[in-house]
Student: 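Sharing a structure here in structure tokens format.
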Amino acid sequence: QVHVVESGGGSVQPGGSLRLSCVASGIIYSIDAMGWYRQAPGKQRELVAATTNRGSTNYADSVKGRFTISRDNAKNTVYLQMNSLKPEDTAVYYCNALITPYGEVWASNYWGQGTQVTVSS
């Protein structure tokens, strides 16, 4: 069974930093892409940052220059370094991974359980 788990959320002052981690576990053949989404109360879930196995990255305009996504392929882990946090960054952050389990033909989309990020004074 393949699953992903996020960690690193918490409460922080405006201007502070957090580093989120997402670990994919199980018998995995390949991870095609990993990324982060967030959902604030009353809003729809939105893409924050993503990276593919080809090395490309993309970010929401609202976080460019402040957030950085990175991967450690040996550990099946993706990170989201969040700097200069703003109150509007407050949301539940979800890890998403496109994974082909070992022995399977197709990739499947896996979601983490979410981790709360709260930015307030």
Side-chain angles (χ1 to χ4, degrees):
Q1 289 289 322
V2 174
H3 65 278
V4 297
V5 178
E6 309 100 323
S7 62
S11 297
V12 66
Q13 298 277 318
S17 297
L18 287 172
R19 191 191 193 201
L20 306 183
S21 299
C22 174
V23 180
S25 63
I27 304 176
I28 296 170
Y29 177 76
S30 66
I31 300 177
D32 302 296
M34 298 185 76
W36 294 92
Y37 289 74
R38 67 185 181 188
Q39 188 166 21
K43 297 183 178 180
Q44 63 183 1
R45 191 171 299 184
E46 64 175 344
L47 176 68
V48 177
T51 182
T52 73
N53 61 356
R54 298 184 183 273
S56 64
T57 59
N58 67 293
Y59 298 89
D61 288 341
S62 60
V63 307
K64 287 181 179 178
R66 300 188 297 120
F67 291 9
T68 302
I69 189 169
S70 61
R71 294 176 66 175
D72 185 338
N73 292 328
K75 297 180 179 180
N76 288 337
T77 300
V78 64
Y79 305 95
L80 185 67
Q81 179 66 47
M82 305 186 294
N83 298 326
S84 302
L85 283 162
K86 304 175 180 179
E88 51 263 44
D89 295 318
T90 297
V92 177
Y93 284 70
Y94 297 91
C95 180
N96 178 269
L98 187 64
I99 296 172
T100 301
Y102 184 80
E104 299 292 334
V105 177
W106 298 292
S108 297
N109 195 280
Y110 295 86
W111 289 93
Q113 81 286 356
T115 185
Q116 176 71 47
V117 172
T118 302
V119 185
S120 66
S121 57

Student: Atom OG in Ser21, atom CD in Glu6: separation rounded to 0.5 Å?
Tutor: 10.5 Å
Student: Please report the interatomic distance OG1(Thr57) to CZ(Phe67), rounded to the nearest 0.5 Å.
Tutor: 14.5 Å
Student: Provide the closest heavy-atom pair for Met34 versus Ala24 in the form atom of the first, atom of the second, distance.
Tutor: CE-CB, 4.5 Å
Student: Between Thr51 (side chain) and Ser56 (backbone), is there a donor-acceptor pair under 3.5 Å?
Tutor: yes
Student: Could you give me the CA-CA distance, side-chain angles and deciding distance for Ile31 and Val78, then say whether side-chain contact (heavy atoms from CB on, under 4.5 Å) is met?
Tutor: CA-CA 11 Å; Ile31 300 177; Val78 64; over 6 Å; no
Student: So, the side chain of Gln1 versus the backbone of Gly26: is there a donor-acceptor pair under 3.5 Å, distance only?
Tutor: no
Student: Does the side chain of Ile99 reach to within under 4.5 Å of the side chain of Val4, using non-hydrogen atoms?
Tutor: yes
Student: Any side-chain heavy atom of Pro87 within less than 4.5 Å of one from Pro14?
Tutor: yes
Student: Considering non-hydrogen atoms only, spot the tightest contact between Ser84 and Ser17 and give its length.
Tutor: N-OG, 4.3 Å
Student: Kindly give the heavy-atom pair with the smallest separation between Arg38 and Ala91, and that separation in Å.
Tutor: CB-CB, 3.8 Å
Student: Report yes or no: do Val12 and Trp36 belong to one cluster of Ile/Leu/Val/Met/Phe/Trp/Tyr joined by side chain heavy-atom distances under 4.5 Å?
Tutor: yes
Student: Does one hydrophobic cluster hold both Ile28 and Tyr110, with members joined at side-chain heavy-atom distances below 4.5 Å?
Tutor: yes
Student: What closest approach, in Å, do Leu18 and Gly10 show between heavy atoms, and which atom pair accounts for it?
Tutor: CD1-O, 3.9 Å
Student: May I ask you to decide if the ring planes of Tyr94 and Trp111 are parallel, tilted or perpendicular, using 30° and 60° as cut-offs?
Tutor: perpendicular
Student: Roughly how far, to the nearest 0.5 Å, is the OG atom of Ser7 from the CG atom of Leu20?
Tutor: 8.0 Å
Student: According to a 4.5 Å side-chain heavy-atom criterion applied to Ile, Leu, Val, Met, Phe, Trp and Tyr, with indirect links allowed, do Ile27 and Tyr29 form part of one hydrophobic cluster?
Tutor: yes
Student: When you group the ILVMFWY residues by side-chain heavy-atom contacts below 4.5 Å and let the links chain together, are Leu85 and Tyr37 in the same group?
Tutor: no
Student: Between Asp89 and Lys86, does at least one N-O distance fall below 4.0 Å, as a salt bridge requires?
Tutor: no
Student: Are the side chain of Gln113 and the backbone N or O of Val5 linked by a donor-acceptor pair below 3.5 Å?
Tutor: no
Student: Indicate yes or no for a side-chain donor-acceptor contact from Arg71 to the backbone of Ala33 under 3.5 Å, with no hydrogens or angles considered.
Tutor: no
Student: To the nearest 0.5 angstrom, please state how far the CG atom of Asn58 sits from the CD1 atom of Ile69.
Tutor: 8.0 Å
Student: Applying side-chain contact (heavy atoms from CB on, under 4.5 Å) to Glu88 and Val119, what does each step give before you reach the verdict?
Tutor: CA-CA 8 Å; Glu88 51 263 44; Val119 185; over 6 Å; no
Student: Indicate the atoms forming the closest heavy-atom contact of Ala49 with Leu80, along with that distance.
Tutor: CB-CD1, 4.0 Å
Student: Quick one: OH on Tyr79 to SG on Cys22, what's the gap to the nearest 0.5 Å?
Tutor: 10.5 Å
Student: Compare every heavy atom of Tyr59 with every heavy atom of Thr68, then report the nearest pair and how far apart it is.
Tutor: CA-OH, 3.5 Å
Student: Between the side chain of Gln81 and the main-chain N/O of Arg19, is any donor-acceptor distance below 3.5 Å?
Tutor: no
Student: Check this for me: Gln44, atom CD, are more than 12 non-hydrogen atoms of other residues, nucleotides or ligands nearer than 6.0 Å?
Tutor: no
